[in-house]
There are 2 protein chains.
Amino acid sequence: MKEKQLKFETAPRMSADERKNQILRIAIDLFSKKGFKGTTTKEIAQIAGISEAMLFKHFASKDELYAAMLDYKSCQAGIEETFASLEEAIEKGADDEEIFYGLILKALRYHESDQEFLRLLLHSALEGHEFSELFVTRKIAPIYELLGKYIEKRQKEGVFRDDVNARLIVRAFLGMMVHHSMNKILWDSGQRLLQVSDEEAARSFSDILLNGIRNKEVGQ
Amino acid sequence: MKEKQLKFETAPRMSADERKNQILRIAIDLFSKKGFKGTTTKEIAQIAGISEAMLFKHFASKDELYAAMLDYKSCQAGIEETFASLEEAIEKGADDEEIFYGLILKALRYHESDQEFLRLLLHSALEGHEFSELFVTRKIAPIYELLGKYIEKRQKEGVFRDDVNARLIVRAFLGMMVHHSMNKILWDSGQRLLQVSDEEAARSFSDILLNGIRNKEVGQ
DNA sequence: GTCTATATAGCGATAGAC
DNA sequence: GTCTATCGCTATATAGAC
């Protein structure tokens with residue numbers, strides 16, 4: 001259980017805000033790797049180069065630090081941005097290919113660049129932390145709503161098959177992409193099972209899905 | 001963090017094997033809910049109705065108990081059985097519909113009936129435990145192999161499109177189903193996002209996938 | 001803003017009696 | 001096979017000096 005660690009050796013007497021941010025960044029790193037119980041306040045303090053007493057001056061308890069860290073992390077957007085660009089693509093009447101391919105690729109790239117996020121989300125879900133529930137309500141439910149509505153519209157237009165629940169299509173869609181990211185982060189670091197670029201994965205997933213849900217009779 | 005707990009009030013002087021099995025079952029329950037660090041030997045002993053000293057007579061350390069528990073759990077098959085029935089379906093030349101629908105439905109039902117398993121797998125993956133790696137090598141890789149080969153065969157026959165990596169199709173396929181199960185277990189207990197039966201989900205996923213990867217020109 | 005020192009509780013694990 | 005008692009350690013958190 002030895003990992004390389006970010007080390008912040010800094011001049012003493014950092015300002016309160018700087019210090020708080022430094023602690024949060026270290027907490028994100030450690031909590032994402034080892035979860036809540038697996039991370040100690042001692043280790044966080046050591047890496048920050050301060051005493052535990054100082055840490056508890058900034059955050060009254062470990063719980064408070066954990067919550068603050070999740071809050072900080074979820075404000076780093078990434079999902080908001082992805083959602084906004086999806087909304088925009090739909091509004092300007094982009095091709096289905098453009099919409100689906102673009103969304104998958106954006107998501108895969110985000111997961112790649114911010115692996116801490118998926119790990120923190122899984123940890124908090126397994127631990128039953130409210131953050132996990134909140135994240136689904138605030139960030140995931142709107143995607144089901146937006147994408148679900150779009151698919152229903154295309155079903156009414158006769159372009160997509162209407163014998164499949166629109167939200168089940170959203171789930172299939174998110175499933176391909178989330179599962180692929182999870183494999184890359186959690187198991188497939190050696191890429192034993194599969195080696196493909198994000199572009200190829202996004203291309204294939206969106207092809208499979210679109211061909212899978214389009215009405216055969218209607219030409220595209 | 002209060003949960004209902006399986007309680008084993010038993011007559012004293014259980015045989016060694018019985019006791020060991022009882023401890024393993026309790027360990028599975030607790031480790032799957034709270035992970036390794038989140039579970040204490042004290043709690044396991046309390047629920048078993050014995051002292052911690054007794055627990056350490058049966059398992060020399062907490063680590064040993066954890067490993068024994070994962071071993072025990074992974075021998076409860078479920079996946080072997082699913083794999084075998086997939087193999088059989090392919091050999092007897094079943095329809096693609098039969099093969100894909102059957103596999104998804106079997107997997108969804110297994111995940112439903114044994115939620116501990118998915119939780120333990122995720123916990124061990126996040127913790128970087130070797131079990132997780134081993135599970136992928138021994139249980140998941142063969143599925144990629146078997147299903148990948150079958151898809152390649154169908155591609156050569158001209159039934160499936162051959163412009164998509166066969167293993168990427170396997171991933172898309174497993175992704176839909178695993179992600180759906182994870183949603184049911186981790187987030188969707190209130191089914192806010194989606195309410196569907198396992199049968200409907202399996203039907204839709206296999207429809208989407210098969211339509212998505214079949215050559216358009218070839219009638220079925 | 002930072003420290004040392006310490007309180008208090010809980011952890012995994014052991015000794016030794018029955 | 002089981003217990004009580006306890007060890008050595010680490011955890012979160014606090015008090016009070018500088």
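Naming convention: chains lettered A, B, ... in sequence-line order (proteins, then strands); numbering from 1 in each chain.
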Answer yes when [X] and [Y] have at least one side-chain N-carboxylate O distance shorter than 4.0 Å, and no when they do not.
X: B:K92; Y: B:E88; result: no
X: A:K33; Y: A:E116; result: no
X: B:R192; Y: A:E133; result: yes
X: B:K106; Y: B:D198; result: no

[X] [atom1] to [N] [atom2], straight-line distance once rounded to whole Å:
X: A:E64; N: D:dT14; atom1: CD; atom2: P; value: 11 Å
X: A:E18; N: C:dG1; atom1: CD; atom2: C1'; value: 12 Å
X: A:M54; N: D:dT12; atom1: CE; atom2: C1'; value: 17 Å
X: B:I50; N: D:dT4; atom1: CD1; atom2: P; value: 12 Å
X: A:L55; N: D:dT12; atom1: CG; atom2: P; value: 10 Å
X: B:K20; N: D:dT2; atom1: NZ; atom2: C1'; value: 17 Å
X: A:R19; N: C:dG1; atom1: CZ; atom2: C1'; value: 8 Å

Classify the angle between the aromatic ring planes of B:F31 and B:Y66 as parallel (below 30°), tilted (30 to 60°) or perpendicular (above 60°).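 Rings of B:F31 and B:Y66: perpendicular, as their planes differ by over 60°.
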Under 4.0 Å protein heavy-atom contact, by nucleotide of nucleotides 7-18 of chain C - B base, S sugar-phosphate only: ----SBBBBB--
Just to confirm, is there a sub-4.0 Å distance from OP1 or OP2 of D:dT2 to any side-chain nitrogen or oxygen of B:S51?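 Checking B:S51 against D:dT2: no side-chain N or O falls below 4.0 Å of OP1 or OP2.
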Please check if atom NZ in B:K37 has more than 12 non-hydrogen atoms from other residues, nucleotides or ligands closer than 6.0 Å.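 Not buried by this count: 12 neighbours or fewer within 6.0 Å.
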